[in-house]
Amino acid sequence: MTADDLIYDDDDLDEADIVEWYEARPVTVSTAVATGSIVAAFALGVLTAVGALALMGHLDD
C-alpha cells in the first residue's frame, strides 16, 4: 500500500484524535517543593562526593 492508495474523506478531518482528548494535565509543583528537591539533590551530591573522597583517602593508606 502506498500513499497514493490511501483515500482521505473530508469528514474524517473533523473527528477528534486520541491525542486531543487524552491530553495530560500540566504538572504543578509549589515553589517550596521545587526548592526543597533542588537543595536535597545538591546535598546528596555533596555527601556522595565527600564519601567517595573519604573512601579513596582510606584506601590509599
Side-chain angles (χ1 to χ4, degrees):
M1 179 178 279
T2 63
D4 294 332
D5 296 336
L6 296 175
I7 299 173
Y8 294 104
D9 293 332
D10 290 335
D11 297 336
D12 292 341
L13 298 177
D14 295 332
E15 295 178 10
D17 293 333
I18 293 176
V19 176
E20 291 178 11
W21 64 265
Y22 189 65
E23 218 173 297
R25 294 183 302 173
V27 177
T28 56
V29 179
S30 68
T31 305
V33 172
T35 303
S37 65
I38 291 170
V39 169
F42 180 77
L44 184 62
V46 168
L47 287 175
T48 303
V50 169
L53 290 173
L55 184 62
M56 287 172 47
H58 179 68
L59 293 177
D60 283 342
D61 291 339

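This one's a predicted model, so the numbers in the text were calculated from it and none came from an experiment.
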Mind checking who shares a hydrophobic cluster with V27, ILVMFWY linked at side-chain heavy-atom distances under 4.5 Å? V29, V33
Answer yes or no: is there a donor N or O on one side and an acceptor on the other, between the side chain of T35 and the main chain of A32, under 3.5 Å? no
Going by chain and number, the hydrophobic cluster around F42 (ILVMFWY, side chain to side chain under 4.5 Å) further includes V46, V50
